[in-house]
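Data first, discussion second: the structure below is written as structure tokens.
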Amino acid sequence: MEKTLVRSGSMVPANTNRAVILNPTTQHEQNEIFTEAVIVEDEASESNNAPVFIGANTRAVTLEQLKRDYIIPVFAKDNQECISHNAFISTVYEAVMDYYRNESILEPQIRASHIVKGRRPHAAGKRADRLRPTDITQYYERSIFAIQIPSIYDEINGNRLNLSIVGCKAYNRDNLSGRLTEQKFSVAVGFNNQVCQNQCIFTDGLKHTILASNTGTIYTQVLDLLDRFNIIDSFRKLESLNNVNLSEHQFCEILGKLRLYNYLDQRRRKQIPSIDVTDAQLNSVASGFVSDVNFKGGTSGITMWNFYNLLTGSNKKNYIDTFLPRATTATELSIGLADTIKGVDPKYSWFIQ
């Protein structure tokens, strides 16, 4: 039976290349369709028990809070304002709404970290415990958000995956001590696993560096990313992970080689695919193999799908500015290992020799 992807209550054949023109009204349009850190308290109303797509050193905020309570940083030498977090998020949200028109699109789930505080001149010399809101300035250095589209989804091993768009802004990537220059933004499209809120991000679904001095550029770049992303093909790659098994020995071999990787000399590392996984992540994966409620393994081993989710789960403990690159590493590593085990591509054979 042909595999299908559920979208808005309809079934989209898996041999389609795109699923981007929504609710077409003409036959022409129908044809076009198929061409390491601490969790802190939250500001926004969000259940502390509910899973989040990233947790480390972040707190939940809303667009309204970002607009109301936080200043916009500037480039120091010419006092030109930066593109604010709320402007970035609003622009991506607008692009998603326009591109996936008539779909069910949730409001952005926003996390922020690294608050930068200051005082207004009239508050100079005041004791900290006597400062009033009007005495201080503050903004978040980093923010990340996820926009889910629950009407575009499918399931793997009972896990529902919603289409998801993730954006990241970190002012530490910009030279705010100089004059006005283009700022750096990151946007990705992939899937969100509803069981655990893990983000499944692909290299071809990520624009790690969007250079922009205005929101119009961001809007255009997001539309281009969404247009290029192949929903069906990406989902198939994830689904194939559920058909590959790692023995307990192979699982331990992979974790050991991943630890060893960072200590190899440059000559050896150039012969192996680049990997960005920390020891803290590997500790989390090892612990999850034994005790994770949804994805643990056993004496008979573990499916590559479960291994992948242990790895993406560990990624939620990373800082905001490293989240997306390491999410893509998890995807590339898991799919690469699966292809090596199946004999399709030996590129990752060093990890399981």
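Residues take their numbers from the sequence shown, with the count starting at 1. Bear in mind that the values here come from a model prediction, so they are computed numbers and not experimental data.
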Is the closest side-chain donor-acceptor distance between [X] and [Y] under 3.5 Å?
| X | Y | result |
| --- | --- | --- |
| Gln194 | Gln148 | yes |
| Thr217 | Asn214 | yes |
| Ser164 | Asn192 | no |
| Asn193 | Asn309 | yes |
| Trp305 | Asn243 | no |
| Thr203 | Glu332 | yes |

### Task
Report the C-alpha distance between Thr331 and Tyr308 in whole Å, list the side-chain angles of each, state the deciding distance to 0.1 Å, and finish with yes or no for side-chain hydrogen bond (donor to acceptor under 3.5 Å, both in side chains).
CA-CA 7 Å; Thr331 304; Tyr308 174 61; 2.8 Å; yes

Closest approach of [X] to [Y] (non-hydrogen atoms, all atoms of both residues):
| X | Y | result |
| --- | --- | --- |
| Pro51 | Gln197 | O-CG, 3.5 Å |
| Ala112 | Val61 | CB-CG2, 4.1 Å |
| Ile54 | Lys316 | CG1-O, 3.5 Å |
| Arg111 | Gly55 | NH2-O, 4.3 Å |
| Ser143 | His85 | OG-ND1, 2.8 Å |
| Val222 | Ala95 | CG1-CB, 3.7 Å |

Applying side-chain hydrogen bond (donor to acceptor under 3.5 Å, both in side chains), can you list everything that pairs with [X], at least two apart in sequence or on another chain?
| X | result |
| --- | --- |
| Gln183 | none |
| Lys237 | none |
| Thr328 | none |

[X] (side chain) donor-acceptor with [Y] (main chain) under 3.5 angstrom:
| X | Y | answer |
| --- | --- | --- |
| Glu103 | Tyr100 | no |
| Ser284 | Ala280 | no |
| Ser287 | Asn283 | no |
| Asn315 | Phe323 | yes |

### Task
Sort and list the pairs that fulfil ring-ring contact (aromatic ring centres under 6.0 Å, His included) and have at least one residue in residues 282-302, not counting sequence neighbours.
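Residue pairs passing ring-ring contact (aromatic ring centres under 6.0 Å, His included), neighbours aside: Phe251-Phe289.
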
Considering only heavy atoms from C-beta outward, does the side chain of [X] approach that of [Y] to under 4.5 Å?
| X | Y | result |
| --- | --- | --- |
| Phe229 | Leu163 | yes |
| Glu94 | Tyr219 | yes |
| Asn318 | Gln281 | yes |
| Val277 | Leu282 | yes |
| Ile83 | Thr215 | yes |
| Leu63 | Phe145 | no |
| Leu225 | Val189 | yes |
| Leu246 | Thr303 | no |

### Query
Using 4.0 Å as the upper bound for N to carboxylate O, is an ion pair formed by Lys207 and Asp224?
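Salt bridge present between Asp224 and Lys207.
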
### Query
In the hydrophobic clustering that connects Ile, Leu, Val, Met, Phe, Trp and Tyr at side-chain heavy-atom distances below 4.5 Å, which members other than Phe75 occupy its cluster, ordered by chain and number?
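Listed partners: Ile71, Val116, Tyr139, Tyr171, Leu176, Leu180.
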
Return yes when atom [atom1] of [X] has more than 12 non-hydrogen atoms of other residues, nucleotides or ligands closer than 6.0 Å, and no otherwise.
| X | atom1 | value |
| --- | --- | --- |
| Lys77 | NZ | no |
| Arg130 | CZ | no |
| Glu107 | CD | no |
| Arg259 | CZ | yes |

### Message
Angle between ring planes, Phe191 versus Phe235, binned at 30° and 60°: parallel, tilted or perpendicular?
### Response
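Ring orientation of Phe191 relative to Phe235: perpendicular.
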
### Task
Evaluate side-chain hydrogen bond (donor to acceptor under 3.5 Å, both in side chains) for Glu253 paired with Gln353, printing each intermediate quantity in order.
CA-CA 8 Å; Glu253 179 77 9; Gln353 287 174 342; over 6 Å; no

#### Entry: Test log, rule side-chain hydrogen bond (donor to acceptor under 3.5 Å, both in side chains), inputs Tyr99 and Asp227
CA-CA 9 Å; Tyr99 195 82; Asp227 196 49; 2.9 Å; yes

### Task
Take Leu333 and Ile275 through the side-chain contact (heavy atoms from CB on, under 4.5 Å) test and state the conclusion after the steps.
CA-CA 8 Å; Leu333 174 62; Ile275 301 296; 3.9 Å; yes

### Partners passing side chain to side chain contact (heavy atoms under 4.5 Å, CB included) against Ile352 (at least two apart in sequence or in another chain)
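Ile352 satisfies side chain to side chain contact (heavy atoms under 4.5 Å, CB included) with Ile254, Leu337, Thr340, Ile341 only.
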
#### Entry: Listed partners of Asn172 passing side chain to side chain contact (heavy atoms under 4.5 Å, CB included), at least two apart
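Result, side chain to side chain contact (heavy atoms under 4.5 Å, CB included) vs Asn172: Glu141, Arg142, Ala170, Asp321.
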
### Message
Set out, in order, the CA-CA distance, both residues' side-chain angles and the distance that settles side-chain contact (heavy atoms from CB on, under 4.5 Å) for Val187 and Val166, then state yes or no.
### Response
CA-CA 6 Å; Val187 180; Val166 183; over 6 Å; no

Residue pairs passing the salt bridge (charged side-chain N to carboxylate O under 4.0 Å, His left out) test where at least one lies in [range], sequence neighbours excluded:
| range | value |
| --- | --- |
| residues 280-309 | none |
| residues 191-205 | none |
| residues 164-175 | Lys169-Asp174 |

### Message
Just to verify, what does Phe53 make a ring pair (Phe, Tyr, Trp, His ring centres under 6.0 Å) with, not counting sequence neighbours?
### Response
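By the ring pair (Phe, Tyr, Trp, His ring centres under 6.0 Å) rule, Phe53 matches no residue at all.
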
### Task
Give me the one residue out of Arg119, Lys126, Arg127, Lys117 that meets salt bridge (charged side-chain N to carboxylate O under 4.0 Å, His left out) with Asp135.
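Option passing the salt bridge (charged side-chain N to carboxylate O under 4.0 Å, His left out) with Asp135: Lys126.
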
Show me the side-chain donor-acceptor pairs of residues 264-274 shorter than 3.5 Å, one per line, residues at least two apart or across chains.
residue	atom	partner	partner atom	Å
Asp265	OD1	Arg267	N	3.1
Asp265	OD1	Arg268	N	2.8

### Task
Begin from the C-alpha positions of Thr209 and Phe185 and carry the test side-chain contact (heavy atoms from CB on, under 4.5 Å) through to its verdict.
CA-CA 6 Å; Thr209 303; Phe185 302 85; over 6 Å; no

### Task
Evaluate side-chain contact (heavy atoms from CB on, under 4.5 Å) for Thr312 paired with Gln199, printing each intermediate quantity in order.
CA-CA 7 Å; Thr312 53; Gln199 290 287 347; over 6 Å; no

